[in-house]
Amino acid sequence: METIPRIVCSSLIVGTGLGLIRPNLVVWLFEFVPPMMRGKAMGIMMTCYFTGQFMSPVLLEPLTSSLGYALFFRSLAVIISMVVVVVCLTYFMWFSKRQADVI
């Protein structure tokens with residue numbers, strides 16, 4: 001069965017990514033949140049994280065079933081790429097405006 005090695009490899013990649021990003025998100029969050037609000041902020045972050053994990057298959061399984069895996073993941077890649085472009089353009093416009101205000 002060639003699917004078992006793929007699942008193991010994918011799990012290792014995803015697990016490594018989550019293991020690297022989650023502690024960094026906590027550090028980043030604590031830099032912006034006052035000490036008295038850190039517990040609440042951490043609770044909100046974990047609630048969002050686990051709600052997303054729970055809701056993801058509930059919301060995306062009907063789309064995967066109707067579109068098929070190939071079309072679904074291609075569509076998802078296009079949507080994510082568009083979001084990345086919009087975020088980058090917004091950031092660079094904001095950054096260049098901010099630099100112009102400083103000068």
Side-chain angles (χ1 to χ4, degrees):
M1 299 186 92
E2 67 180 54
T3 56
I4 302 286
R6 287 183 183 179
I7 291 171
V8 170
C9 184
S10 300
S11 296
L12 288 172
I13 292 169
V14 170
T16 301
L18 286 174
L20 292 172
I21 195 72
R22 284 187 68 194
N24 289 310
L25 286 174
V26 171
V27 170
W28 176 76
L29 178 70
F30 282 180
E31 286 180 3
F32 295 102
V33 176
M36 295 297 294
M37 299 292 292
R38 287 182 180 168
K40 183 177 183 178
M42 187 69 178
I44 291 170
M45 186 174 113
M46 288 296 109
T47 299
C48 291
Y49 181 77
F50 290 120
T51 301
Q53 277 188 328
F54 174 76
M55 292 304 294
S56 177
V58 172
L59 296 175
L60 298 180
E61 179 59 31
L63 288 172
T64 306
S65 296
S66 65
L67 296 175
Y69 283 107
L71 181 59
F72 172 75
F73 284 109
R74 284 187 188 114
S75 303
L76 191 61
V78 168
I79 292 168
I80 291 171
S81 298
M82 291 183 342
V83 169
V84 167
V85 167
V86 168
V87 168
C88 288
L89 288 174
T90 304
Y91 173 77
F92 288 123
M93 284 188 217
W94 176 79
F95 186 72
S96 63
K97 182 180 184 300
R98 189 170 163 195
Q99 289 288 60
D101 290 345
V102 171
I103 298 174

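Everything quoted here is computed from the prediction, not taken from an experiment. Residues: numbered from 1 along the sequence shown. Heavy-atom basis, side chains included; hydrogens, waters and symmetry copies ignored.
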Task: CE/Met37: more than 12 non-hydrogen atoms of other groups inside 6.0 Å - done: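 Open.
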TODO: Mark yes when over 12 heavy atoms from residues, nucleotides or ligands other than Phe50 sit less than 6.0 Å from its CZ; otherwise mark no.
DONE: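 It does: Phe50 CZ has more than 12 such atoms within range.
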Tell me, do [X] and [Y] make a side-chain contact under 4.5 Å, heavy atoms counted?
X	Y	result
Cys88	Val84	yes
Val14	Leu18	yes
Val86	Tyr91	no
Ser65	Glu61	yes
Met45	Arg22	no

Consider only side-chain heavy atoms of I, L, V, M, F, W and Y, link residues closer than 4.5 Å, and tell whether [X] and [Y] are in one cluster.
X	Y	value
Ile79	Leu71	no
Trp28	Ile44	no
Trp94	Phe32	no
Val87	Met82	no

TODO: Let me see the working for Ile21 and Leu25 under side-chain contact (heavy atoms from CB on, under 4.5 Å), right down to the final yes or no.
DONE: CA-CA 6 Å; Ile21 195 72; Leu25 286 174; 4.1 Å; yes
Heavy-atom closest contact ([X] atom, [Y] atom, distance):
X	Y	value
Pro62	Pro57	CD-O, 4.3 Å
Val26	Met42	CG2-CE, 3.6 Å
Asn24	Leu20	ND2-O, 2.5 Å
Leu12	Thr16	O-OG1, 2.7 Å

Rounded to the nearest 0.5 Å, how far apart are [atom1] of [X] and [atom2] of [Y]?
X	Y	atom1	atom2	result
Leu76	Ser81	CG	OG	9.5 Å
Ile4	Arg6	CD1	CZ	12.0 Å
Phe72	Leu60	CZ	CG	4.5 Å

- [ ] Is it possible for you to check whether Arg74 lies under 6.0 Å from the centre of the six-membered ring of Tyr69, through NZ or CZ, and within 45° of that ring's axis?
- [x]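 Not satisfied by the 6.0 Å and 45° rule.
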Open item on the list: Under a 3.5 Å distance rule, please check whether Ser66 uses its side chain to pair with a backbone N or O of Leu63 as donor and acceptor.
Closed with: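 Present.
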